[in-house]
Amino acid sequence: MRSKKLIKGFIGIALALVFLFTLSIYVPAASAAKVKPIKFGSDCGYSGVCFMYCVSSLKGVRLAMEEINAAGGIMGRPITLVTRDSELKVNTGVRELKDLILRDKVDFILGDCSSGVCLAFLPVLSEYKKMMVHFICNTEAITVEKHVPYAIQMVPNTYMEGRGQARMRAKQPYKTYCYIGPDYDFGHREFQAFKEEMAKLRPEVKIIKEFWPKLGEKDFTSYITAILSSGAEAVQSSHYGGDLVAFVKQAKPYGFFEKVSFASLFDVDVLQELGNECPEGLTAYCRAPFFGEKGEKMAKFVTTYRKAFGEYPSDWAVMGYDSMYLYKKIIEKARTTDTAAVMKASEGIVLDSLRGPIKVRAIDHMASVPVYEGVTAKDPNYPFLIYKDLWRIPGEEVWRPEAEIPKLRK
């Protein structure tokens, strides 16, 4: 399974490079000679548990860039992209980010997958005064405690996501829970937000056990058996990507999903990776599912994406695509690529995104992106499970109230 996933990842990266090369020469030579391109850099974990997310997001970014260049670029300038692999490691990610800035001379940055790596990026962004749009990593620390005026989040943060999960679970009858999630900033913050919101909505609910495997854990057997012996009625999880795929496949032989009610981050990539092995009836949440938006803009994107890549777009592709168009709108509003002016122009801007109108809040540069909840179910229109009873929670309903933010920054 792991080797198949790696092969899939390498193929995706190879296709990405081919596409990027084609994109870089799409702009007529005469135009390129006269106008300096606006250069973007992507520093993401193309190796390890996050490879499927980084490759998917890159496809969305590239598709947006192709459209933007075909329409004349940004302020009449073509746009190009340089990619780097953070390997999900703080030291590697920071090194590659500095290289993008100092050697490749990028104007703007996109990335990464790991919240831990993204937090390490923040001092670098401040030092070199470079702007980054985050579309995968979602720790709330980026917009609250560790906030710097150079980062925008186009993904629901941990506070929003944890609250959304609690709202969904509060509708269910379960009173005893176990929690399992990756042992780093993202997992702990999602859990904290979930606990706080659940305590308000259902104070009788008890979390009787917590489990914290390392990110990239290969053997979940001991955790699976411990959960089943705990007596919990429900299991809340913040596992994702390759870790979630591995957990589901290892838990099924134990009859795990028939014995407890399980919830986790079942995004489109995970649903496609699991295919028919994904159990029905699981409580699920995700960040930007194409099947969660019925507008003309999303329908057109899905058609274009499938024609380009031969697959359905993941959440990460949607957020990568939206992020490039956010950059376009902000830069054109600022009428310059100066970082300070572009960041200022971002405050209060509204993007007509694939997920509907999204506003960037001035106090924390958090976008009002929605949170999606539902139940895994088969659909004859798709070769993988999607959601039934889908609940789209507007970002404004679950993001942290502005009045609380200054207190948390002290």
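Considering all non-hydrogen atoms of both residues, I363 and R409 come closest at O-NH2, 3.0 Å. Across all their heavy atoms, P313 and V302 have their closest contact at CG-CG2, 4.0 Å. Of all heavy-atom pairs spanning M324 and I68, the tightest one is O-CD1, 4.1 Å. Across every non-hydrogen atom of T376 and C278, the tightest pair is CG2-SG, 4.3 Å.
With 3.5 Å as the limit, one finds a donor-acceptor pair spanning the side chains of R169 and S261. In summary, the side chains of Q272 and E311 do not present any donor paired with an acceptor at a separation below 3.5 Å, with no hydrogens or angles considered. For the residue pair S114/D112, the side-chain donor-acceptor check at 3.5 Å is not satisfied. A donor-acceptor contact closer than 3.5 angstrom links the side chains of E196 and Q192. Side chains of E96 and S86: no donor on one and acceptor on the other come within 3.5 Å.
Listed by first and then second residue, the salt bridge (Lys or Arg N to Asp or Glu O under 4.0 Å) pairs that reach into residues 38-56 come to none, sequence neighbours excluded.
Checked against the 6.0 Å centroid criterion, the rings of F220 and H239 qualify as a close aromatic pair. Taking the six-membered ring for Trp and the full ring otherwise, the centers of F262 and F247 sit less than 6.0 Å from each other.
Residue T92 holds its OG1 atom at 12.0 Å from CZ of R84, rounded to the nearest 0.5 Å. Residue S346 holds its OG atom at 7.5 Å from CG of L326, rounded to the nearest 0.5 Å.
Ring geometry for Y177 against Y174 counts as perpendicular: the plane angle is over 60°, on a 0 to 90° scale with 30° as the lower cut. Note: Y179 and W212 have tilted aromatic rings, judged against thresholds of 30 and 60 degrees for the angle between ring planes. Between F301 and Y305, the two ring planes are tilted [angle within 30° to 60°]. Ring-plane geometry between F108 and Y327 is classed as tilted, the angle between the planes lying from 30 to 60 degrees on a 0 to 90 degree scale.
By the side chain to side chain donor-acceptor pair (under 3.5 Å) test, R306 pairs with Y312, sequence neighbours left out. Residues passing the side chain to side chain donor-acceptor pair (under 3.5 Å) test with H365, sequence neighbours excluded: E347.
A salt bridge (charged side-chain N to carboxylate O under 4.0 Å, His left out) with R392 holds for exactly one of E373, E397, E293; it is E293. A salt bridge (charged side-chain N to carboxylate O under 4.0 Å, His left out) with D322 is found for one member of R355, R287, K328 and no other, namely R355.
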